[in-house]
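The analysis underlying the following values was restricted to heavy atoms, covering all of them including side chains, and did not include hydrogens, waters or symmetry mates. The first residue in the sequence is number 1, and the count goes up from there. Note that ligands are numbered from 1 as they come in the structure, with each ligand's atoms numbered from 1 the same way.
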Amino acid sequence: MLGRVEKYLFEKIAIEKTIHMTLIDPEKITSTQASVVAENSKHSGTAAIMIGGSTFSSQAHLDTVIQTIKKTVDLPIILFPNNENGISRYSDAIWFMSLLNSVDPYYLVGAQILGAPLIKKFNIEPLPMGYIIVGQGGTAGVVGKANTIPYDKPELAAAHALAGQYFGMRFIYLEGGSGVANPVPPDMIRTVKKCLDIPLIVGGGIRTREQATAAAQAGADVIVTGNLIETTDNKQRISEIIEGLKQKTLTNNS
Ligand code: 1GP
């Protein structure tokens with residue numbers, strides 16, 4: 001049986017075709033700022049709030065950020081952990097993810113083994129996801145010891161994604177790396193999406209409506225933006241991106 005958050009995501013993707021999620025890195029923001037970002041993002045039409053970062057370490061701050069956001073918005077809070085320390089009892093769900101192109105068993109299955117008992121204890125909904133770092137990969141690529149897949153090798157990314165699907169993962173995430181200059185190219189997204197029967201999440205370096213729409217048109221089911229919230233006009237930029245995704249759905253349906 002599908003969990004509450006997974007069901008919500010599947011239904012939303014079925015209706016809206018491509019949805020947006022806002023990633024908040026607790027290390028870069030106070031809890032008050034986080035709740036303002038979450039509220040603005042909700043008004044703009046974001047579907048869920050993801051919480052996590054590549055180098056996060058304070059669990060107490062993570063708990064406070066999530067509790068503060070929950071007082072303001074009723075969107076699902078999904079953890080996006082870099083290891084077993086990124087777990088908070090206050091979250092609704094967690095990307096139960098394996099970094100499929102890591103050379104370190106810790107990021108393939110080790111951290112997950114350490115985290116699983118806590119996830120059960122806190123009754124957090126696990127969302128099984130295959131995480132693939134491509135292109136420059138940013139900090140996530142370095143920390144996760146990923147054998148990053150070059151942007152001009154889309155078929156390699158597709159092979160990783162298919163392996164994830166065959167393992168039983170229910171989402172695949174193509175990660176270009178937070179803040180990278182160039183987001184995952186549409187050609188790579190298209191090639192990966194073609195071989196998948198499960199939703200495809202794309203993130204890393206998406207800053208404009210045009211980039212988000214291009215990723216959606218290539219087949220992304222979920223667009224994640226994180227760094228954008230650090231810009232002064234973040235509310236405007238997130239609104240434009242989500243507006244672009246909605247327009248794309250209207251065009252496709254007409
Ligand atoms: C990073 O894919 C996410 O894990 C989002 O990237 O911060 O560049 O939006 P940005």
Peer 1: Measuring from each atom of ligand 1, which residues have a heavy atom under 4.0 Å away?
Peer 2: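 Residues within 4.0 Å of ligand 1: Leu23, Phe80, Tyr173, Glu175, Ser178, Gly179, Gly203, Gly204, Gly205, Thr225, Gly226, Asn227.
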Peer 1: What verdict does the side chain to side chain contact (heavy atoms under 4.5 Å, CB included) test give for Ile172 and Ile132, after you've listed the backbone C-alpha separation in whole Å, the side-chain angles of each residue and the deciding distance to 0.1 Å?
Peer 2: CA-CA 8 Å; Ile172 293 293; Ile132 305 164; 3.8 Å; yes
Peer 1: Tell me every residue that passes ring-ring contact (aromatic ring centres under 6.0 Å, His included) with Tyr173, counting only those two or more places apart in sequence or in another chain.
Peer 2: Phe80, Tyr131
Peer 1: Closer than 3.5 angstrom, by distance alone: can the side chain of Gln33 be matched with the main-chain N or O of Thr30 as a donor-acceptor pair?
Peer 2: yes
Peer 1: Between Tyr106 and Glu84, do the side chains contain a donor N or O and an acceptor N or O under 3.5 Å apart?
Peer 2: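 On atom types as modelled, these side chains qualify, holding a pair under 3.5 Å.
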Peer 1: Give the minimum heavy-atom separation between Ala47 and Pro76, together with the two atoms involved.
Peer 2: O-CD, 3.6 Å
Peer 1: Might you confirm whether atom NZ of Lys70 has over 12 heavy atoms from other residues, nucleotides or ligands at distances under 6.0 Å?
Peer 2: yes
